[in-house]
Amino acid sequence: MTRFILRISLLLLLALPARAQDAFTAALPGLAGGFGDIAASVERLGASGDPRALPLLRALQEGRLQKAGDGRILLPDGARLLDAATGQPAEAAGAEAVRLNNRVRQALRGALGRLQLVSPDPAERLAAAEAVFRSRSAENIPLLQAALARETVPRIRTQMELALAASQLVGSDAEAKRDAVARLGASGSVEARAVLIEARNANPEMATAIEVSIATIERALAIRRAAETLFQGLSLGSVLLLAALGLAITFGVMGVINMAHGEFVMLGAYATFVVQEACRGIPWLAPWSLVLSVPAAFLVTAACGALLERGLIRHLYGRPLETLLMTFGVGMILQQAVRLAFGAQNREVLSPPWMQGTILLPGDIAVTQNRLWIIVFGLIVLGLVFAAIRLTRFGLEMRAVVQNRRIAATMGIRTGRVDAMTFAFGSGLAGMAGVALSQIDNVSPNLGTGYIIDSFMVVVFGGVGSLAGTLVGAMSLGVVNKLLEPYAGAVLAKVFVLVAIMLFIQRRPKGLFALKGRAAES
Amino acid sequence: MSASIASPAPAGAARLTIRLVLIGAVLVLALLPLLNRLPPDSALYVSDFIVSITGKWITYAILALAIDLAWGYAGILSLGHGAFFALGGYAMGMHLMRLIGPRGVYGHPTLPDFMVFLGYKELPWYWLGFDHFPFMVLMAMAVPGMLALVVGYLAFRSRITGVYLSIITQAMTYALMLAFFRNDMGFGGNNGFTDFKELLGMPLNTDAARAALFYASLALLVVAFLVCTRITQSKLGRVLVAIRDAESRVRFLGYDVTQHKLFVFVLSAVLAGLAGALYVPQVGIINPGEFSPGNSIEAVIWVAVGGRGTLVGAVLGAFSVNALKTWLTTVAPDLWLFALGGLFVAVTLFLPRGLIGLFSKAPK
Amino acid sequence: MSDEISPPLGQGKAAKPVLYLDGVSVVFDGFRALNNLSLVVDPGELRAIIGPNGAGKTTMMDVITGKTRPTAGVVRFRDHDLTKLDEATIANLGIGRKFQKPTMFDALTVFENLELALKAPRGPFACLRWALTGEARRRIEAVMEEVGLSARAQDRAGVLSHGQRQWLEIGMLLMQDPELLLVDEPVAGMTDQETEHTAALLVRIAGRRSVVVVEHDLEFVRALGSKVTVLCEGSTLSEGSIDHVQNDPRVIEVYLGR
Amino acid sequence: MTSKSFTFTRRAALTGLGAALATPALRPAFGQGAPIKVGVLHSLSGTMAISETALRDTVLMMVEWANSRGGVLGRRLEAVVVDPASNWPLFAEKARELLQVHKVDVTFGCWTSVSRKSVLPVFEELNGMLFYPVQYEGEEESKNIFYTGAAPNQQAIPAVEYLMSKDGGEAKRIALLGTDYVYPRTTNRILRGFLNSKGIGNADIMEEYTPFGHSDWQGIVARVKRFASEGKKTAIVSTINGDANVPFYRELGNQGIKAEDIPCVAFSVGEEELAGIDTRPLVGHLAAWNYFMSIKGAPNEEFVKLWQAYIKNPKRVTNDPMEATYTGFRMWTQAVAKAGTTAVDAVRGAMIGQKLMAPCGYEEEMLANHHLSKPVFIGEVQADGQFNIVWKTPDAVKAENWSQFIPENANRRR
């Protein structure tokens with residue numbers, strides 16, 4: 001009798017909502033267990049479709065979910081903690097956070113994906129579609145089909161269709177499988193390729209069709225890879241350009257060999273750090289601290305440059321080799337001063353949100369945002385330098401002093417002031433390079449040393465005194481380096497480039513964009 | 001540009017004084033290993049540390065001499081002389097590695113330890129012959145010499161001078177540094193060579209070996225100094241000074257400037273290579289850090305501090321800067337870079353003729 | 001390199017010219033420094049070249065001595081094509097040059113400057129082995145006598161006055177024992193007396209060698225009493241005796257029109 | 001010639017004065033013996049200063065700690081700090097100076113393998129004693145060195161085992177990325193042998209080396225991504241050293257490599273290194289060490305408190321080599337107390353078998369091969385720059401400095 005009643009109640013419980021609720025409660029204890037238990041529970045929660053699962057899993061993802069000493073799972077709700085099973089407030093004493101590892105995170109992504117496929121937020125739906133794609137499972141097919149039926153945003157649709165194809169590939173419907181292979185092949189994405197390669201071994205009967213699809217993807221990827229290599233080269237080139245622009249002024253225009261140039265770059269990076277720390281307390285300003293750093297770094301390093309020029313370098317005009325040795329000493333001092341002031345450890349310079357992650361250019365070419373911004377920044381700085389030299393009074397005076405100091409002086413130009421300003425300008429550019437480098441490299445006292453020789457090579461290769469040469473030099477060195485890298489490795493590529501430049505300079509001692517004519521002779 | 005540089009030929013009486021001072025200095029140096037044999041409580045006792053560190057400084061002085069010959073006289077400011085020094089050092093290092101034989105950690109009869117654990121099966125061809133001392137000595141001279149010949153020929157033929165030459169030679173040593181850092185080069189990568197056992201049958205960790213290396217270095221310094229003096233006081237020396245001050249004018253006199261520069265550059269590289277070869281067994285390690293551009297610049301600064309274009313100044317500079325560095329890195333480990341950097345600034349600004357300039361009157 | 005010393009002494013106009021320039025042009029960045037220039041200098045001849053600033057006088061010297069490569073044209077010295085040779089080889093063939101701005105080695109003494117110029121094997125090993133023979137010393141002393149610097153033999157060239165530097169450089173030319181001398185503005189900064197002395201010296205030298213003098217000072221050119229070539233905008237404007245060119249209307253126009 | 005560092009003298013004077021004023025009764029009274037000299041051989045300038053200055057401070061802290069407890073053998077400790085400036089021959093010179101001129105009784109120092117290799121002959125020749133606190137490639141054993149960092153079997157192999165386990169994501173393809181020097185080369189060789197023994201063929205192993213301080217990781221990270229897209233679960237094992245890590249992790253974050261997809265386990269990235277990186281995009285990437293600052297328990301709390309009080313910064317982090325320095329130092333004081341002298345030979349004998357409840361929460365023991373038994377922890381990077389320990393060995397693991405995965409060691413196996 002009791003058995004009969006039990007059966008009836010079980011049947012009743014099996015009615016959908018009840019069954020789901022039961023699955024929800026049943027999955028909870030696992031969350032207090034080891035990582036394997038947690039992952040299993042998460043999967044069950046994701047499959048449950050229970051409305052309470054979503055806030056719970058989100059809390060878990062954000063590390064807010066607590067477990068009590070007795071194994072009850074506690075969900076934070078404002079300041080209170082609620083028992084996840086009963087929804088009643090619970091005692092928080094002795095509770096500790098449920099910890100995550102990669103396995104749990106992976107399960108979470110799939111579970112959340114399934115639950116969020118119909119989320120009202122398009123960004124969440126897109127992320128969910130990507131997550132479901134990764135956690136491909138035949139169980140997702142109906143979910144995806146339902147979601148697709150309602151979806152209107154093309155980009156999300158594409159992603160959902162991919163996810164559906166990937167899920168169908170591990171399903172049992174042979175017809176759908178064949179179709180999925182073709183659709184995955186047409187997508188041209190790296191992830192689809194991975195899915196196909198994985199499926200190849202599991203489905204020997206479809207090997208030919210899969211190979212065809214993989215080959216289609218490979219063709220699309222080859223073009224994209226070439227474009228990405230080009231981008232990497234331009235990105236490296238823009239870093240070189242930024243590092244070398246200041247030298248193009250101080251060395252190219254004034255003929256001063258400033259071995260402390262790298263240290264000015266480093267100072268610029270530290271200025272970025274200081275500005276960031278100053279903005280830290282002001283939430284609306286914090287994401288823009290990097291923008292503020294640009295003028296700040298320029299001013300700081302320009303001031304240091306002016307000081308260096310007026311205090312030391314001007315006594316050594318006409319003796320470039322002595323300047324070289326002296327500025328080497330200055331570089332040592334600057335490095336150690338920063339080390340003592342800020343500590344030898346790296347300093348953390350955050351990337352603002354708009355500089356993080358990857359974006360897709362037309363043609364699905366993936367480029368990292370920070371690199372893209374640095375290329376843009378490099379070109380803007382180059383444009384500003386060009387404008388400063390060609391369009392401003394200062395630029396005119398600078399060119400006059402460089403061409404004929406004596407005559408410029410007789411025309412009333414204060415050549416000493418122009419020298420100081422020119423040097424300060426070049427140093428300020430180094431500081432701006434430091435702002436960019438703080439986004440890709442260490443902010444440490446040694447930051448500048450890695451760039452000094454490359455910068456000199458860029459200036460000499462491009463042609464001393466030519467901004468166009470510096471641009472072309474930097475970009476071509478960057479691209480050639482990246483073209484060689486996959487074959488020769490990072491080190492040899494660099495060695496080859498260095499040797500090539502040395503040989504090139506033997507052929508054309510004045511560089512790519514040589515100043516011609518009698519002026520260049522003297 | 002360098003009108004203030006002293007002429008290589010001081011007047012007779014002054015020259016005699018300099019000679020006496022130099023002979024005295026050599027004798028004092030020669031006494032050091034002997035004083036090391038005195039009982040430690042003796043007033044004249046010189047510690048092992050002083051002997052070994054002085055031996056190292058002597059090789060630095062030879063390097064400085066080589067740089068001064070090229071820079072102070074011919075106006076060739078190479079910022080890559082550390083590369084020649086390091087190449088000589090690597091030649092010696094390879095010899096010493098070969099001599100370890102089966103005493104290595106893995107007990108392989110021919111392969112050095114690093115090759116064993118990098119999975120080499122046999123010795124690369126460019127390691128052959130380095131087990132013979134004379135071959136090593138030849139290579140310690142020939143490899144830096146050949147490199148100088150090639151780089152110098154290309155540069156001088158294209159009339160690359162002044163700062164351009166400095167930048168190119170700097171790139172040369174930088175490229176070599178990157179290349180030697182690669183483990184695939186077969187030179188031990190970043191670790192380079194170390195844990196040497198013996199040289200010419202002498203165990204290296206003995207006082208006798210230290211004294212022998214000390215005297216070998218001192219002898220090379222004296223010979224190098226005499227060779228450099230002979231060159232600078234010959235007509236060749238005057239041609240070099242002429243090239244330094246007005247290169248194109250020398251061409252119009254019918255001198256093949258490329259040949260003269262090449263001669264002195266190669267000779268200077270060979271000297272640097274030999275100095276490097278003697279340096280390695282005394283410090284017990286050679287690694288790609290020796291190629292770092294900073295090292296070469298520092299060596300140039302020794303010459304500038306001592307006073308360039310004087311030979312004596314180069315030696316004086318190498319000793320004094322290194323002594324200062326050794327002392328400061330112990331008494332002021334956090335602040336020594338300020339002192340050294342400050343010294344470099346001060347010397348270029350206030351003592352264009354270096355420490356030697358303090359002792360001799362200006363030429364005008 | 002040729003070490004032969006065979007100045008074709010005393011040969012007449014019929015002899016082969018020492019220096020032969022034909023149709024020489026030099027273009028810098030679109031600017032024609034020399035424009036189809038032709039010039040023939042005979043053995044033993046003394047030739048004065050005048051012309052306004054920018055006429056191409058110095059460029060012409062640069063072309064002859066190998067410092068600048070012509071864009072077009074023939075430049076021959078005896079049988080040698082100078083456009084293919086470098087400065088040192090040309091100098092060793094027997095062409096000496098004195099620069100507009102006296103250039104020597106300031107860190108060396110007067111004696112050492114002359115010693116470097118003295119005709120002798122020029123290679124680095126030869127220089128290393130070089131020892132000053134009595135003969136060489138006598139020659140150097142003779143030249144010092146000639147240019148009036150005997151008293152300053154052991155002084156650094158850097159401390160000489162401008163006029164003395166001119167003399168020293170002329171002395172260096174003499175030490176080179178060249179067949180052809182190119183002398184750029186030799187009397188700038190000299191006193192009248194020194195100028196006269198220089199003119200006499202050049203005339204004396206010219207008997208044995210060919211001398212080409214570039215000069216602004218017309219009095220000095222007149223004192224040389226030689227054939228005069230007037231350059232303008234990179235080409236020959238007029239050629240002949242000093243009186244001839246001074247009366248040439250084109251020359252007058254160029255000089256007055258400026 | 002007295003040669004205490006300027007900073008140390010000042011700091012010691014200040015703290016000593018402070019202690020004297022605050023608690024005059026507790027002022028340690030030292031016996032008549034001359035001070036015991038402790039050499040500190042860590043780079044304070046140049047590229048390695050980033051890592052090594054913290055170790056210098058740790059040794060100074062321990063000297064102060066020992067002195068505050070009455071010194072060792074009733075004698076005061078005195079630190080001799082020198083700056084070998086990240087220059088390897090200078091390391092050898094300074095080692096000689098410490099031993100011959102300053103006659104130090106013990107030296108704590110070195111970080112890179114090459115610096116240790118360069119001073120090793122000096123310590124052997126002059127019979128000095130060096131405590132080396134950093135994990136390294138093994139394949140070495142010197143009677144004059146005590147290795148208090150991990151040998152490869154105490155770090156690399158457990159980490160890769162974890163990656164291949166169910167919890168670690170069941171990696172079937174491994175990308176070995178390293179800086180081109182001997183530690184990564186040897187470690188990767190050992191790992192390759194280990195992976196092959198676990199059925200992962202060479203086609204599923206990618207190995208790539210970069211120079212020191214490499215800053216442009218775009219191409220390599222893109223290649224790893226491609227390598228990972230070939231149908232098997234992939235993981236990265238990083239032996240990237242020092243400075244190159246910041247640009248590497250930035251690139252990893254920016255190219256969207258998530259720990260759930262391609263986890264990256266590092267052997268040279270600790271709390272100090274993470275201090276210079278925005279760790280939010282890196283959550284879930286791993287590090288294998290024998291100590292993490294986030295370890296619970298009294299020994300670690302004591303250590304962290306001591307450090308933050310000494311450095312006067314409540315936010316400064318501790319890391320594995322600092323813990324190794326601390327552990328080595330304390331074992332040395334125990335051994336000196338046991339031997340009753342600082343003489344190297346006697347202390348060496350007394351060192352073997354020394355035990356200490358280390359900050360890592362396990363009892364560590366100095367083994368006869370001069371290496372420590374150590375537990376292994378795998379931690380996942382958290383958003384706050386600390387590590388969340390996701391796996392640990394049940395016991396301390398005995399060090400195997402001669403790896404069984406290097407065939408040449410076959411005849412050495414014990």
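None of these values were measured; they are calculated from a predicted model. Naming: A, B, ... by sequence-line order, numbering from 1 per chain. Heavy atoms only: backbone and side chains are in, while hydrogens, waters and symmetry mates are out.
Atoms CE and CD1, from A:M457 and B:I168 in turn, are 6.5 Å apart once rounded to the nearest 0.5 Å. Note: A:F456 CZ to B:I167 CD1 = 5.0 Å, rounded to the nearest 0.5 Å. For the atom pair OG of B:S166 and CG of A:L321, the computed distance is 5.0 Å after rounding to the nearest 0.5 Å. Of the inter-residue distances, the one linking A:I257 atom CD1 with B:Y164 atom OH reads 8.5 Å to the nearest 0.5 angstrom.
In this structure, the portions of A:L325 lying under 4.5 Å from any heavy atom of chain B include both its backbone and its side chain. Residue contact with chain A, scored on non-hydrogen atoms closer than 4.5 Å, is absent for B:M177. Using a 4.5 Å cut-off between heavy atoms, B:L77 contacts chain A through its side chain alone, with no backbone atom that close. For chain B, the nearby part of A:F251 is the side chain; its heavy atoms alone come within less than 4.5 Å. Contacts between A:L498 and chain B at a heavy-atom distance below 4.5 Å involve the side chain alone, from C-beta outward. If you measure heavy-atom distances from A:V330 to chain B, the contacts under 4.5 Å come from both the backbone and the side chain. Proximity to chain B (any heavy atom under 4.5 Å) is shown, for A:L312, by both the backbone and the side chain. Looking at A:L503, the atoms closer than 4.5 Å to chain B (heavy atoms on both sides) all sit in the side chain, from C-beta outward. Using a 4.5 Å cut-off between heavy atoms, A:I505 contacts chain B through both its backbone and its side chain.
More than 12 heavy atoms of other residues, nucleotides or ligands lie within 6.0 Å of CZ in B:F338, so this atom counts as buried by the packing criterion.
Between A:V495 and B:A179, the shortest heavy-atom distance links the atoms CG2-N, 4.0 Å. In terms of heavy atoms, A:G329 sits closest to B:V345 at C-CG2, 4.3 Å.
Within the 3.5 Å criterion, the main-chain N or O of B:D334 finds a donor-acceptor partner in the side chain of A:Q336.
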### Task
Show your reasoning for whether side chain to side chain contact (heavy atoms under 4.5 Å, CB included) applies to B:F181 and A:V491.
CA-CA 9 Å; B:F181 263 126; A:V491 191; 5.7 Å; no

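Per-residue heavy-atom pair counts under 4.5 Å with chain B were compared for A:L340, A:I453, A:T449, A:T323, and the maximum is reached by A:I453. Highest contact tally toward chain B, considering only A:Q506, A:M332, A:Q335, is held by A:Q506 [criterion: heavy-atom pairs under 4.5 Å]. Counting heavy-atom pairs under 4.5 Å between each of A:L492, A:D454, A:L316 and chain B puts A:L492 at the top.
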